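Everything numeric in this text was worked out from a predicted model, so none of it was measured. Below, each value reflects all heavy atoms present in this structure, side chains not excepted, and no hydrogens, waters or symmetry copies. To find a chain, count down the sequence lines: A is the first, B the second, and so on, and within it residues start at 1.
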Number of protein chains: 2
Amino acid sequence: MVDVSADPRARRPGGRSARVRAVVHRAAADLVAERGADQVTVPAVAERAGVNPSTIYRRWGTLPALLADIAAQRADTAPEPTGDLHDDLANHAAWTLADLSRPGGVAFFRAEVAPDVDERRAGLRECLQRVSTRFETILDAARERGETPPSLERVLDRIVAPIYFRVVFSLPETDETYARGLAAALLDADS
Amino acid sequence: MVDVSADPRARRPGGRSARVRAVVHRAAADLVAERGADQVTVPAVAERAGVNPSTIYRRWGTLPALLADIAAQRADTAPEPTGDLHDDLANHAAWTLADLSRPGGVAFFRAEVAPDVDERRAGLRECLQRVSTRFETILDAARERGETPPSLERVLDRIVAPIYFRVVFSLPETDETYARGLAAALLDADS
DNA sequence: AGCTTAAAGCAAAGTTGTGTGCTTTAACGG
DNA sequence: CCGTTAAAGCACACAACTTTGCTTTAAGCT
């Protein structure tokens with residue numbers, strides 16, 4: 001059994017472990033961005049990272065686990081809440097788009113969705129969880145201010161889903177203006 | 001170079017080729033449905049199909065190519081247009097959901113999006129193309145009747161994207177009622 | 001019916017990802 | 001500063017997927 005603890009300070013977080021973790025993360029992220037998640041292998045990551053393949057196998061076990069680990073710590077750079085529902089939704093829509101658009105963004109999304117059948121649901125739930133939580137926080141805040149924001153499902157359908165769809169399919173004109181427009185359209189319709 | 005011509009009647013479409021094609025398609029589809037596209041290999045498909053692996057390699061080249069070939073001919077069972085915009089949109093929304101929901105549906109979607117970098121865009125475009133074309137037809141028909149239907153982009157954002165998103169993430173209550181509701185909601189908002 | 005030739009079968013070799021025992025390194029704690 | 005011990009390196013074995021040359025089958029044609 002491999003300990004994939006995302007906990008940054010493991011049992012011996014000192015210099016070497018942290019350094020290896022960093023170079024491996026970087027190498028994997030780069031390769032995914034360059035070739036796509038399907039064309040990346042553990043040996044390839046190991047070589048670029050200047051690390052032995054067995055190290056990766058022992059620490060992460062599988063490639064999807066490694067990618068999930070990377071994706072997990074990517075997601076903690078969300079924008080600050082402003083106190084205004086519209087601005088918050090628009091900001092997070094734009095951030096979601098930006099996060100997904102950067103090199104390898106979609107690849108990571110797909111990598112997380114891909115893992116072995118047993119863990120698939122876990123990966124999916126976690127991925128969705130991260131997306132949902134950010135928006136949920138915004139909606140909760142609005143509710144506490146006495147407003148009646150749209151439901152989370154509605155936000156997923158009208159903001160998140162279109163962004164994912166358009167990024168996956170590389171539809172043109174999928175930019176920040178578009179993302180913010182989704183937020184505005186949703187609030188307009190509900191008013 | 002392998003000829004992956006989707007053309008059903010190739011150079012020698014007679015008994016054997018067609019039979020092999022059929023059993024391989026069926027075996028691959030079954031395996032994808034059972035294990036998910038990631039757990040399927042060419043040798044496994046070959047064994048279940050009672051065919052030699054080299055046959056598959058020679059005819060299709062790669063597994064993604066095989067799956068794409070299967071997906072390509074899956075898509076030609078769309079519902080009949082009724083002449084009513086709302087009904088057509090709702091029908092196609094429901095059909096899209098059903099197509100995506102059946103065992104292996106998402107797996108095929110992912111397989112098509114996955115192929116090697118060079119062909120990725122082609123796979124994506126084709127996949128999107130198929131989805132778009134069906135809805136485009138509906139919209140065109142409505143326009144010819146003198147109506148002013150929503151744009152294709154709007155349909156993708158408001159109907160197709162949410163369906164894909166919810167199926168990929170296995171969100172609950174993603175059923176025919178929901179799909180049809182999307183169509184109704186879109187037309188309501190535009191009226 | 002017999003010839004031609006795609007296309008499938010077969011078998012063996014090549015390549016690559018994966019797993020494991022053992023050694024070596026270097027954090028951490030006293 | 002030194003002992004302890006995770007964790008990384010290393011080498012090798014193993015398994016799996018791919019590829020390829022050759023043979024055999026059977027569809028298509030005269």
Side-chain angles (χ1 to χ4, degrees), chain A residues 1-28 31-32 35-69 111 114-116 118-119, chain B residues 1-28 31-32 35-67 69 111 114-116 119:
Chain A
M1 189 52 64
V2 179
D3 182 10
V4 202
S5 61
D7 191 289
R9 45 181 168 67
R11 316 181 63 170
R12 189 175 278 193
R16 191 160 68 157
S17 286
R19 195 162 54 248
V20 168
R21 180 183 166 92
V23 292
V24 169
H25 272 206
R26 172 158 201 151
L31 284 178
V32 166
R35 312 183 188 174
D38 302 312
Q39 304 300 313
V40 176
T41 64
V42 171
V45 173
E47 187 187 7
R48 171 166 307 201
V51 186
N52 199 285
S54 62
T55 297
I56 297 181
Y57 284 118
R58 285 219 166 86
R59 271 185 73 157
W60 286 279
T62 68
L63 192 79
L66 168 59
L67 297 184
D69 186 30
D116 309 315
D118 321 352
E119 315 191 8
Chain B
M1 188 54 64
V2 179
D3 182 12
V4 201
S5 61
D7 191 286
R9 44 182 168 67
R11 317 181 62 168
R12 189 173 277 193
R16 192 161 68 159
S17 286
R19 195 163 54 249
V20 167
R21 180 184 166 91
V23 293
V24 169
H25 272 206
R26 171 159 200 149
L31 284 177
V32 166
R35 312 182 188 173
D38 302 313
Q39 303 300 312
V40 176
T41 64
V42 171
V45 174
E47 187 187 8
R48 171 165 308 200
V51 187
N52 197 284
S54 61
T55 296
I56 296 181
Y57 285 117
R58 284 217 167 87
R59 272 187 72 158
W60 286 277
T62 68
L63 191 80
L66 169 58
L67 297 185
D69 186 30
D116 308 315
E119 314 192 9

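Residues that satisfy the side chain to side chain contact (heavy atoms under 4.5 Å, CB included) test with B/A44, not counting sequence neighbours, are B/L31, B/R35, B/T41. In this structure A/A27 satisfies the side chain to side chain contact (heavy atoms under 4.5 Å, CB included) test together with A/V45, A/R48, A/A49, sequence neighbours excluded. Here B/S54 pairs with B/N52 under the side chain to side chain donor-acceptor pair (under 3.5 Å) rule; sequence neighbours left out. Taking the side chain to side chain contact (heavy atoms under 4.5 Å, CB included) definition, one finds that B/V20 meets it with B/R16, B/V24, B/V51, B/T55, B/R59, sequence neighbours left out.
With values rounded to the nearest 0.5 angstrom, B/Y57 atom OH is found 11.0 Å from B/L66 atom CG. The distance from atom CG of A/L67 to atom NE2 of A/H25, rounded to the nearest 0.5 Å, is 9.5 Å.
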Please tabulate, one pair per line, each protein N/O and nucleotide N/O from nucleotides 19-24 of chain D that are separated by under 3.5 Å, including the distance.
unit_1: D/dG21; atom_1: N7; unit_2: B/R58; atom_2: NH2; d: 3.2
unit_1: D/dG21; atom_1: O6; unit_2: B/R58; atom_2: NH1; d: 3.3
unit_1: D/dG21; atom_1: O6; unit_2: B/R58; atom_2: NH2; d: 3.1

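The side chain of B/T55 contributes an N or O atom lying less than 4.0 Å from OP1 or OP2 of C/dG9. Close to D/dA7, at under 4.0 Å from its OP1 or OP2, lies no side-chain N or O of A/R59. Of the side-chain N and O atoms in B/S17, none sit less than 4.0 angstrom from OP1 or OP2 of C/dA7.
Between A/A65 and A/W60, the shortest heavy-atom contact is CB-O, 3.3 Å. Closest heavy-atom contact between B/L63 and B/V40: CD2-O, 3.3 Å.
One interatomic measurement links the two molecules: CH2 of A/W60 to P of C/dT18, which rounds to 15 Å at whole-angstrom precision. Here C/dT20 presents its C1' atom at 17 Å from CD1 of A/I56, a figure rounded to the nearest Å. Taking atom CG of A/L66 as the reference point, atom P of C/dT18 lies 12 Å away to the nearest angstrom. The distance between atom CG of A/L63 and atom P of C/dT16, rounded to the nearest whole Å, is 17 Å. Following rounding to the nearest Å, A/R21 (CZ) and C/dA27 (P) show an atom-to-atom distance of 17 Å.
Taking the screw axis at each terminus of the helix from C/dA1-D/dT30 to C/dG30-D/dC1 from five consecutive base pairs, the angle between the two is 40° to within rounding of 10 degrees.
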